[in-house]
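Below is one structure; the comments refer to it alone.
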Amino acid sequence: LDSLREVGVARDATIYFQGVPILYTPWIDFPLGSRRKTGFLAPLVGTTNNSGFEVSLPFYWNIAPNRDYTLTTRLLAKRGVQFNNDARYLEPTFQGRLRADVLPHDRIADETRWAYSFQHSQLRTERLRGFINVQGVSDNNYFIDLSTKVAATSQTNLPREFGLTYN
């Protein structure tokens with residue numbers, strides 16, 4: 001453990017659950033404090049009727065204390081490889097998030113599938129605030145076929161909002 005750099009390092013590490021080894025790694029480093037760290041996040045494994053066996057491997061990039069980006073590579077056994085992009089920023093007077101997902105060639109639908117979402121809010125003056133919230137998908141069945149969230153599979157309307165408020 002390196003307290004000055006706030007980093008811990010483990011070699012030949014094994015994680016046990018109920019006395020059963022579930023994860024081994026020859027080397028790993030991790031933050032000791034609350035600071036974020038660039039690197040791979042825990043993979044997700046699952047299966048669905050629409051896409052078959054799935055494995056997702058997210059990579060988190062801590063660009064700055066107020067900016068980050070996550071690229072998740074998602075292997076869908078029946079459909080192909082999807083790339084999920086998620087960028088966030090936070091400043092004193094504005095903040096936002098841009099998400100863009102693309103499946104370059106869906107083997108079942110025989111087409112490129114995509115989704116995007118952009119949200120931004122900004123305080124222009126003490127009383128004037130603006131916001132943007134736009135979302136879109138390539139086709140009506142995108143969420144049914146590719147979502148990992150049950151609530152999203154029944155989503156039918158995507159907002160496209162712009163606004164100014166003055167108090």
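Pairs passing the ring pair (Phe, Tyr, Trp, His ring centres under 6.0 Å) check and including a residue from residues 117-141, sequence neighbours excluded, read Tyr89-His120, Phe94-His120.
Here the OH-CD distance, from Tyr166 to Glu126, works out to 9.5 Å after rounding to the nearest 0.5 Å. To the nearest 0.5 Å, atoms CG (Asn141) and OG (Ser147) are separated by 12.5 Å.
When the side chains of ILVMFWY residues are joined at heavy-atom separations under 4.5 Å, either directly or via intervening members, Phe30 and Leu23 end up in two distinct hydrophobic clusters. Note on Phe143: it clusters hydrophobically with Leu76, by side-chain heavy-atom contacts below 4.5 Å among ILVMFWY residues. In the hydrophobic clustering of this structure, Phe17 groups with Ile15; members are Ile, Leu, Val, Met, Phe, Trp, Tyr whose side-chain heavy atoms approach within less than 4.5 Å, directly or through other members.
Without hydrogens or angle criteria, Arg36 side chain to Ala64 main chain gives a donor-acceptor distance under 3.5 Å. Here the side chain of Asp29 pairs no donor or acceptor atom with the backbone of Ala10 at under 3.5 angstrom. A donor-acceptor pair is defined here as one N or O able to donate and one able to accept, closer than 3.5 Å; such a pair exists between the side chain of Ser138 and the backbone of Trp114. For Arg107 (side chain) and Ala77 (main-chain N/O), a donor-acceptor pair under 3.5 Å exists by modelled atom type. Judged by distance alone, the side chain of Lys78 and the main-chain N or O of Asn49 form a donor-acceptor pair under 3.5 Å. Distance alone, capped at 3.5 Å, places no donor-acceptor pair between the Ser3 side chain and the Glu6 backbone. Listed for the Thr112 side chain is a donor-acceptor partner under 3.5 Å among the backbone atoms of Pro104. No side-chain donor-acceptor contact under 3.5 Å links Thr14 to the backbone of Pro21. Under a 3.5 Å cut-off, the side chain of Thr25 and the backbone N or O of Ile28 do not form any donor-acceptor pair. For the pair Asn85 (side chain) and Ala100 (backbone), a donor-acceptor distance under 3.5 Å is present.
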Checking side-chain contact (heavy atoms from CB on, under 4.5 Å) for the pair Arg160/Leu158: CA distance, chi angles, key distance, verdict?
CA-CA 7 Å; Arg160 292 190 179 154; Leu158 298 175; 5.9 Å; no
Verify side-chain hydrogen bond (donor to acceptor under 3.5 Å, both in side chains) between Tyr69 and Asp86, making sure each step is shown before the conclusion.
CA-CA 6 Å; Tyr69 169 74; Asp86 188 357; over 6 Å; no
One pair to check against salt bridge (Lys or Arg N to Asp or Glu O under 4.0 Å): Arg79 and Glu54. What are the steps and the verdict?
CA-CA 10 Å; Arg79 295 182 180 275; Glu54 297 183 20; over 6 Å; no
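Residues Asp101 and Tyr116 bring no donor and acceptor atom of their side chains to less than 3.5 Å of each other.
Phe40 meets the ring-ring contact (aromatic ring centres under 6.0 Å, His included) test with Phe59; sequence neighbours excluded.
Exactly one of Thr72, Thr73, Val102, Leu103 qualifies for a side-chain contact (heavy atoms from CB on, under 4.5 Å) with Gln82. That residue is Leu103.
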